[in-house]
Chemist: 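Let me give you the structure first, and then I'll get to my questions.
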Amino acid sequence: QTCKRSVGRMLHGQLAAAFDGFVEAVRGTQERQASGRRVVQKMMQNELAEAFGWMVEATTRQRERRAMASSSMEAGRPMMEKWFRGWEEFMWVRTEEKQAEEHESSRKALQDE
């Protein structure tokens, strides 16, 4: 019986040591996973910050281009109005000439009959 008890105690000690080793392995795995998660989160945060910076930069460039185009359009507006008035006058004169030609051809057609 004494032998049984001493063997039982030895087995109990070995089981306890094995369980402690298992617990330490699990904790080590959990710590490595947590560390990995922190690293990945930090990387994602850095990438997100970089992407946000690119978006801000692109938005700023777009705003600058829009302002430059707007100022160019404002500077060229009087010239464009002048060109449009000239084109409008040309079309008016051309329409009158065409109507005069059509009137003349109609009159000749009536005289020929």
Side-chain angles (χ1 to χ4, degrees):
Q1 260 202 348
T2 308
C3 190
K4 263 186 170 178
R5 273 188 272 158
S6 64
V7 169
R9 284 184 196 148
M10 287 172 42
L11 284 174
H12 181 70
Q14 284 186 346
L15 283 175
F19 184 74
D20 287 344
F22 171 74
V23 168
E24 286 179 24
V26 169
R27 284 186 183 149
T29 302
Q30 288 175 341
E31 288 174 2
R32 286 192 301 275
Q33 286 177 347
S35 176
R37 270 191 230 104
R38 284 193 301 271
V39 168
V40 169
Q41 285 176 345
K42 193 167 191 173
M43 288 170 56
M44 288 174 57
Q45 185 176 0
N46 288 341
E47 287 179 13
L48 183 61
E50 189 175 347
F52 183 74
W54 289 342
M55 186 201 63
V56 167
E57 185 179 326
T59 304
T60 303
R61 276 196 312 253
Q62 185 67 23
R63 192 175 298 135
E64 290 170 355
R65 288 182 188 142
R66 191 175 299 136
M68 186 172 61
S70 177
S71 67
S72 297
M73 291 298 290
E74 288 299 319
R77 185 176 296 269
M79 188 181 304
M80 288 186 344
E81 287 178 5
K82 182 179 176 183
W83 289 342
F84 181 74
R85 297 290 178 235
W87 179 78
E88 199 175 36
E89 184 178 333
F90 168 76
M91 291 305 292
W92 179 260
V93 169
R94 182 70 188 120
T95 303
E96 287 180 349
E97 289 174 356
K98 194 172 184 180
Q99 286 176 351
E101 288 172 5
E102 289 174 356
H103 180 66
E104 187 66 31
S105 65
S106 297
R107 197 174 62 135
K108 281 185 182 180
L110 288 175
Q111 283 179 357
D112 290 341
E113 287 182 9

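For reference, positions follow the sequence shown, starting with 1.
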Chemist: Can Ser35 and Arg32 be said to form a side chain to side chain donor-acceptor pair (under 3.5 Å), step by step?
Modeler: CA-CA 5 Å; Ser35 176; Arg32 286 192 301 275; over 6 Å; no
Chemist: With a cut-off of 3.5 Å and sequence neighbours excluded, list every side-chain donor-acceptor pair involving residues 100-107.
Modeler:
unit_1 : atom_1 : unit_2 : atom_2 : d
Glu104 : OE1    : Arg107 : NH2    : 3.2
Glu104 : OE2    : Arg107 : NH2    : 2.7
Ser105 : OG     : Glu101 : O      : 3.3
Ser105 : OG     : Glu102 : O      : 2.9
Ser106 : OG     : Glu102 : O      : 2.9

Chemist: I'd like to know if the side chain of Ser72 and the backbone of Met68 have a donor-acceptor N/O pair within less than 3.5 Å.
Modeler: yes
Chemist: Applying salt bridge (Lys or Arg N to Asp or Glu O under 4.0 Å), which residue pairs with at least one partner in residues 9-21 are found, sequence neighbours left out?
Modeler: none
Chemist: Name the atoms and distances for all side-chain donor-acceptor pairs under 3.5 Å in residues 46-59, with sequence neighbours left out.
Modeler:
unit_1 : atom_1 : unit_2 : atom_2 : d
Asn46  : ND2    : Lys42  : O      : 3.4
Glu57  : OE2    : Arg61  : NH1    : 2.9
Thr59  : OG1    : Met55  : O      : 2.8

Chemist: Could you check whether Arg77 pairs with Glu74 (Lys NZ or Arg NE/NH1/NH2 to Asp/Glu carboxylate O, under 4.0 Å)?
Modeler: yes
Chemist: Under the salt bridge (Lys or Arg N to Asp or Glu O under 4.0 Å) rule, what do Glu24 and Arg27 come out as? Steps first, then yes or no, please.
Modeler: CA-CA 5 Å; Glu24 286 179 24; Arg27 284 186 183 149; over 6 Å; no
Chemist: Which ILVMFWY residues can you reach from Phe19 by hopping between side chains whose heavy atoms are under 4.5 Å apart?
Modeler: Phe22, Val23, Val26
Chemist: For Gln45, what residues pass the side-chain hydrogen bond (donor to acceptor under 3.5 Å, both in side chains) criterion, not counting sequence neighbours?
Modeler: none
Chemist: Tabulate below the donor-acceptor pairs under 3.5 Å that side-chain atoms of residues 78-92 make, not counting sequence neighbours, or state none.
Modeler:
unit_1 : atom_1 : unit_2 : atom_2 : d
Arg85  : NH1    : Glu88  : OE1    : 3.4
Trp92  : NE1    : Glu96  : OE2    : 2.6

Chemist: For the CZ atom of Arg63 and the CZ atom of Arg65, what is their distance to the nearest 0.5 Å?
Modeler: 13.0 Å
